[in-house]
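These notes concern the structure reproduced below.
Each ligand, and each atom within it, is numbered from 1 in the order the structure gives. FYI, side chains are in, hydrogens and waters are out, and symmetry mates aren't considered; it's all heavy atoms of this structure.
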Amino acid sequence: MEQIVNKSLLNATCDANDDAIAVINPATEQVVAYIPSISSSEILKLVEKSKQAQKLWQQKTAAERSKVLETWYQLMMDNADDLARIMTLEQGKPLAESKGEVNYGASFLKWFAEEGKRTYGEVIPEPASSKRIMTIRQPVGVAAAITPWNFPIAMITRKAAPALAAGCSFMVKPANQTPLSAYATAELAYQAGLPRDLLIVVNNHSSVAVGDIFCTHDDIKKLSFTGSTEVGRHLIKQSAETIKRTSMELGGNAPFIVFDDANIDDAVEGAIASKFRNAGQTCVCANRFYVQDAVYDEFVEKFTQAVAKLKVGDGLEEGVTIGPLVDSRAKESVMGYISTAIEQGAKVAMGGQGLDGLFVEPTVLTDVTQDMDIVQTELFGPVAPIVRFSDDQELVEKANDTIYGLASYFYTGSIPRAFHIAEQLEYGMVGINEGLISTEVAPFGGVKQSGFGREGAKQGIDEYLNIKYMCFGGL
Ligand code: NAP
């Protein structure tokens, strides 16, 4: 932490004590900092503060709110190097990727600073001459969020920016493994002029304790969750008691398809970007590859050569492209998927071994079939299982044969095929001849058990607004 220039970004850290939460660097498995665990009774007091702050915030004009978000954006840009370093220290991703995430995370502040000014209502043609009908859109109130460790800044700003732009207050529980990025980002919001009670970050040793309050408190009007499908399912059930509005960004099992008319070099480039970013720990990561007969050998050869160039190591080191996995449980899980796939008949074309610490070799598995466990589950590691296919229709069925529906990708040189396949894939997002699809301007989200609701784009702010219909009579 000595290398952080702007020490105010570490304001939320505390000394080691029995109740503090230790933040571990996955590259070294050493403690980098401690943060306080905030008790349930304290969180309940913070909900009340958030509620009071929201009442004042919603009275500001959209332009006033926009100005704070713009300043926050600028401060994130000015502190991008420090934020990236903090992220790599607690999360492990290579520094260049951390910088990319800081830029991506900040882009939501700039985007929603503008979108907040466009939360238009409507005037609706009246059904009777004595009436006039109009709608306005109002903030839902206190919004809460629970976010994961794999994108410790972007998963927060993608929710906080539309919430604050809409006139809501915002409370967030980041993952206990990566809280430092969240507190540092919030610190910059305060420096930008955002009252502290409008953006409250909390952690507790028990995420269940925080989840209980966020899901069941009547003054929290909205819960936005990004994380696993399993936890999302549980939070939906818990939120039912207060009929809370929820949005869910959950797990994925993205197919990456290469058709026989694709440009194979482009497909390999897209596959590397999609599969190995964040060491494969991304909800939109290519999880399973389908390659058509005629180009199977060529793709496997070129892809394996490209994978061989990846450099595993501490994300702070120059040239490293694959960092560690987040913890030992993640490593055990990935190594388990590899060994089960081999037992079930897959061949190792590259890698396959665990390395010292929390590192895993980038791995390519061939001769994989649809029934193998590795195809059916969200892998969350630097492992690419490749399935061979021949027929387009059979391919679509295999690609859709999952409970998930977040991202999907395919490469083809044919425009008709591009339309037919894109329309048939049961996914919220489709990359066509493109391996990187995340951007603040497009609606991010899934179907099926990958969740509901959209983040970013013009739709992202809808999640934090209620529509009120006003009927004027007696005219
Ligand atoms: P996770 O285990 O579901 O945890 C996500 C967050 O929920 C963390 O803050 C965690 O806290 C908290 N949490 C866990 N159990 C909870 C409970 N019972 N009550 C309240 N909060 C609880 O997921 P993860 O392993 O961190 O993240 C990986 C998953 O997120 C993958 O499935 C990935 O696909 C998904 N993801 C989805 C998107 C998307 O946009 N669709 C984006 C990124 C990630 P603690 O960790 O502090 O315990």
- prompt: Does Ile403 CD1 have over 12 foreign heavy atoms under 6.0 Å away?
  reply: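 Result for CD1/Ile403: enclosed.
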query: In terms of heavy-atom contacts, does CZ of Arg329 have more than 12 from other residues, nucleotides or ligands at under 6.0 Å?
result: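 For Arg329, atom CZ is not crowded (no more than 12 foreign heavy atoms under 6.0 Å).
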message: For atom 33 (C) of ligand 1, tell me which residue out of Phe444, Tyr404, Phe214, Phe380 has the closest non-hydrogen atom.
response: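 It is Phe380 that holds the nearest heavy atom.
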- prompt: Evaluating non-hydrogen atoms only, which member of Pro152, Pro174, Ser228 is closest to atom 29 (C) of ligand 1?
  reply: Ser228
Could you tell me, atom by atom, which parts of ligand 1 come under 4.0 Å of a heavy atom of [X]?
{"X": "Leu235", "value": "19 (N), 20 (C)"}
{"X": "Leu406", "value": "41 (N)"}
{"X": "Met155", "value": "42 (C)"}
{"X": "Ala175", "value": "9 (O), 46 (O), 47 (O)"}
{"X": "Gly211", "value": "20 (C)"}
{"X": "Val208", "value": "18 (N), 19 (N)"}
{"X": "Asn150", "value": "43 (C), 44 (C)"}

message: Would you say atom 11 (O) of ligand 1 makes contact with the protein, given that contact here means a non-hydrogen protein atom less than 4.0 Å away?
response: yes
I'd like to know if [X] and [Y] make a salt bridge, using a cut-off of under 4.0 Å between side-chain N and carboxylate O.
{"X": "Asp462", "Y": "Arg454", "value": "no"}
{"X": "Glu97", "Y": "Arg277", "value": "no"}
{"X": "Lys45", "Y": "Glu48", "value": "no"}
{"X": "Glu455", "Y": "Lys159", "value": "yes"}

Applying a 4.0 Å heavy-atom criterion (strictly less than), which segment of [X] is in contact with ligand 1: side chain, backbone, both, or neither?
{"X": "Asn176", "value": "both"}
{"X": "Arg158", "value": "side chain"}
{"X": "Phe151", "value": "neither"}
{"X": "His234", "value": "side chain"}
{"X": "Gln281", "value": "neither"}
{"X": "Gln177", "value": "neither"}
{"X": "Val210", "value": "neither"}

query: Is the NZ or CZ atom of Lys221 positioned over Tyr464's six-membered ring, under 6.0 angstrom from the centre and within 45° of the axis?
result: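 No.
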Taking [X] for the side chain and [Y] for the main chain, is one N or O donor matched with an acceptor at less than 3.5 Å?
{"X": "Thr321", "Y": "Lys311", "result": "yes"}
{"X": "Lys222", "Y": "Val140", "result": "no"}
{"X": "Thr282", "Y": "Cys285", "result": "no"}

field: Whether Phe225 lies under 4.0 Å from ligand 1, heavy atom
entry: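 Phe225: in contact with ligand 1 (<4.0 Å).
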task: Would you check whether Thr282 reaches within less than 4.0 Å of ligand 1, judged by its heavy atoms?
output: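 No heavy atom of Thr282 comes that close to ligand 1.
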Name the closest protein heavy atom to [atom], giving the residue it belongs to and the distance to 0.1 Å.
{"atom": "atom 25 (O) of ligand 1", "result": "Trp149 NE1, 3.2 Å"}
{"atom": "atom 38 (C) of ligand 1", "result": "Cys283 SG, 3.0 Å"}
{"atom": "atom 20 (C) of ligand 1", "result": "Ser207 O, 3.3 Å"}

May I ask you to check if ligand 1 and [X] share an N or O to N or O distance below 3.5 Å?
{"X": "Thr226", "result": "no"}
{"X": "Ser450", "result": "no"}
{"X": "Thr229", "result": "no"}
{"X": "Leu250", "result": "yes"}
{"X": "Thr147", "result": "yes"}

task: Tell me yes or no: between the side chains of Gln370 and Tyr290, is some donor less than 3.5 Å from an acceptor?
output: yes
- request: Go through the steps for Tyr404 and Tyr427 under the test ring pair (Phe, Tyr, Trp, His ring centres under 6.0 Å), then give the verdict.
  value: CA-CA 8 Å; Tyr404 298 107; Tyr427 290 84; 9.5 Å; no
task: Measure the acute angle between the ring planes of Trp149 and Phe380, then classify it against the limits of 30° and 60° as parallel, tilted or perpendicular.
output: perpendicular
query: Taking the inter-plane angle between the rings of Phe410 and Phe259 on a 0 to 90° scale, is it parallel (under 30°), tilted (30 to 60°) or perpendicular (over 60°)?
result: perpendicular
query: Checking salt bridge (Lys or Arg N to Asp or Glu O under 4.0 Å) for the pair Glu114/Lys110: CA distance, chi angles, key distance, verdict?
result: CA-CA 7 Å; Glu114 292 303 319; Lys110 198 168 175 57; over 6 Å; no
query: Looking at CG of Leu223 and CE of Met248, how far apart are the two atoms once the value is rounded to the nearest 0.5 Å?
result: 5.0 Å
